[in-house]
2 protein chains.
Amino acid sequence: MSRQGFKHQLFEQFARIGKALSNANRLELLEFLAQGERSVESLAKATKLTVANTSQHLQQLRQAGLVTTRKQGLRVYYQLAGDEVIQLLGILRNVAEGHLAEVERLVSTYLTVKDKLEPIPAQELLERARNGMVTVLDVRPEEEYSAGHVPGAINVPLAQLEKQLDRFGDGKEIVAYCRGPHCILAFEAVAKLRSHGIKARRLENGYPEWKAMGLPTEQ
Amino acid sequence: MSRQGFKHQLFEQFARIGKALSNANRLELLEFLAQGERSVESLAKATKLTVANTSQHLQQLRQAGLVTTRKQGLRVYYQLAGDEVIQLLGILRNVAEGHLAEVERLVSTYLTVKDKLEPIPAQELLERARNGMVTVLDVRPEEEYSAGHVPGAINVPLAQLEKQLDRFGDGKEIVAYCRGPHCILAFEAVAKLRSHGIKARRLENGYPEWKAMGLPTEQ
DNA sequence: CAACTATTCAAGTGATTACTTGAATATTAA
DNA sequence: TTAATATTCAAGTAATCACTTGAATAGTTG
């Protein structure tokens, strides 16, 4: 085959990955998978898609090499094919933030308090947590927490935060995190804690980024 | 709007970028643009697409925030929106290489000598070039060379290499580069030089990656 | 001004996509 | 074995996509 042929075929392969990333539902599935492996049914529930539709999207992701599967009993568990996929999603986000005006508008509309919540970088949190200076709070659903979390983090899903406020009365600063830099759960948790006079900030990114940076995790 | 609404709208925006990356012709356009800014007509010629078709693809890339335009006289010049876009393309390549069997097959079919051509990392080339230990050879078309190249590199497009072999008789090692890690021009140049007994290697990546790494360039 | 050129726009065609619905497959439990 | 369950497959529909063709637009040049 010709030189042109090789180049074009190569681009055609790269485009398969682009295609996989070209649908909002598939991106949402990838975000859930970035938290840890999950079954089709559980993903369907999380994304509110039908099971058949979810299955089809997942198969496309698999064909694009972004996820792998493992069958156990009746269930098929999907997981990301590697940490490069998290990097890929991160830079996709990054480019979108930098060059799509609509993203800026959305973020500033929904996350107005973004700057005020003083995000703390991952490295800094790691040191402070080691010194026992902060309480790390994971506000994702329990399912995602138990698939892996920041060492020592306690899990209080956002919905239960109000009821369990008494767990944070010791004056230590709280650092909350969730699924990623745009995940609102952490924003809302920090806002809620502060409204009760508890000192709180949020982690700059989420759990997948933490893991992809090679920082220690716990299960 | 609801929490769900925000998340979904955000993913819809990210998906716009995925859509832009979902077509082989658009990816090829991006690769050309990674060499430097170019007019619609010149891109149409390079990709062998019709002008109207090229224009439409470029507009899609612009709407996805990946390229920007500048009008000068009759011509509209397109260029990448930023270095993050090169990063994005790089990691797309990376994921494809790591997880798509078809890419591996293509690369090993066409670039069989890949390992034997001993790629040299960018940092190492920079040092050796500064010490005058190597001759840097840019085998891209003159148009791309003149939009920016590695400092001190000489430009001999592949087609003219045979005729100009006498320029490389001084015993210095040659390091050839072109558009990117999979660009065959540099592979073929190294193979040709070696077949004439000239010591030659290739740069690990291409010019866009060099530039994106923040290494010095020249115009 | 008119003639020329690069780019964009608009309309049409066949192919592909996302989603739904209902059936098929494979595994486990009774 | 049968019944139950998670997932996948297959077929159909409306929407979107890539590309072509020919016309419209906006600059430049004589």
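Because only heavy atoms are used, hydrogens play no part in the values below, and waters and symmetry mates are left out as well, while side chains stay in. So that the names make sense, note that chain A is the first sequence line, chain B the second, and so on, each numbered from 1.
Counting only heavy atoms from C-beta on, B:Glu41 has its side chain closest to C:dT7 among D:dT8, C:dT8, C:dT7. Listed candidates were D:dG27, C:dA26, D:dC9. Nearest to the side chain of B:Leu74 is D:dG27. The nucleotide whose nearest atom lies closest to any side-chain atom of A:Val76 is, among C:dA26, D:dA18, D:dT8, D:dT8.
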I'd like a list of close polar pairs between nucleotides 19-21 of chain C and the protein, N/O only, cut-off under 3.5 Å.
| residue | atom | partner | partner atom | Å |
| --- | --- | --- | --- | --- |
| C:dC19 | OP1 | A:Asn25 | ND2 | 2.8 |
| C:dC19 | OP2 | A:His57 | NE2 | 2.5 |
| C:dC19 | O5' | A:Asn53 | ND2 | 3.3 |
| C:dT20 | O4 | A:Gln56 | NE2 | 3.4 |

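If you measure from atom NE2 of A:His8 to atom P of D:dA18, you get 12 Å, rounded to the nearest angstrom. Separating the CG atom of B:Leu27 from the C1' atom of D:dA18 is a distance of 14 Å, rounded to the nearest angstrom. Rounded to whole angstrom, the span from the NZ atom of B:Lys45 across to the P atom of C:dT5 amounts to 14 Å. The interatomic distance linking B:Lys71 (NZ) with D:dT28 (C1') rounds to 11 Å, in whole Å. Here the P atom of nucleotide D:dT5 and the OH atom of A:Tyr77 are 16 Å apart, to the nearest Å. Rounded to whole Å, atom P of D:dC19 lies 12 Å from atom CG of B:Leu58. Whole-Å rounding puts the B:Leu61 CG to C:dT8 P distance at 12 Å. One can place CG of B:Leu29 at 10 Å from P of D:dC19, the figure rounded to the nearest angstrom.
One finds no side-chain N or O of A:Gln59 lying less than 4.0 angstrom from the OP1 or OP2 phosphate oxygen of D:dT7. Close to C:dT8, at under 4.0 Å from its OP1 or OP2, lies a side-chain N or O of B:Tyr78. Neither OP1 nor OP2 of C:dT28 sits under 4.0 Å from any side-chain N or O of A:Arg75.
Applying the 6.0 Å contact sphere to CD of A:Glu142 captures no more than 12 heavy atoms from other residues, nucleotides or ligands. For CD of A:Glu104, the number of neighbouring non-hydrogen atoms (other residues, nucleotides, ligands) closer than 6.0 Å is 12 at most.
Ring geometry, A:Tyr145 versus A:His149: the interplanar angle falls under 30°, so the pair is classed parallel (tilted spans 30 to 60°).
Taking a cutoff of 4.0 Å between a charged side-chain nitrogen and a carboxylate oxygen, B:Glu144 and B:Arg179 qualify as a salt bridge. By the 4.0 Å N-to-carboxylate-O rule, A:Arg16 lies too far from B:Glu102 to be salt-bridged with it. Ion pairing between a basic and an acidic side chain is recognised when a charged N comes within 4.0 Å of a carboxylate O; B:Glu188 and B:Arg202 show no such pairing.
Contacts with DNA chain C (heavy atom under 4.0 Å) in residues 15-22 of chain A: A:Lys19, listed by number.
Considering CG of A:Asn23 and NZ of B:Lys19, their distance stands at 7.0 Å, rounded to 0.5 Å. Here the CD-CZ distance, from A:Gln72 to A:Arg70, works out to 4.5 Å after rounding to the nearest 0.5 Å.
Remark on DNA chain C: of its neighbouring residues A:Gln60 and A:Gly73, the 5'-side contact belongs to A:Gln60, judged by nearest-heavy-atom nucleotide.
There is no side-chain donor-acceptor pair under 3.5 Å between A:Gln219 and A:Ser146.
Across all their heavy atoms, B:Phe32 and B:Leu43 have their closest contact at CB-CD2, 3.7 Å.
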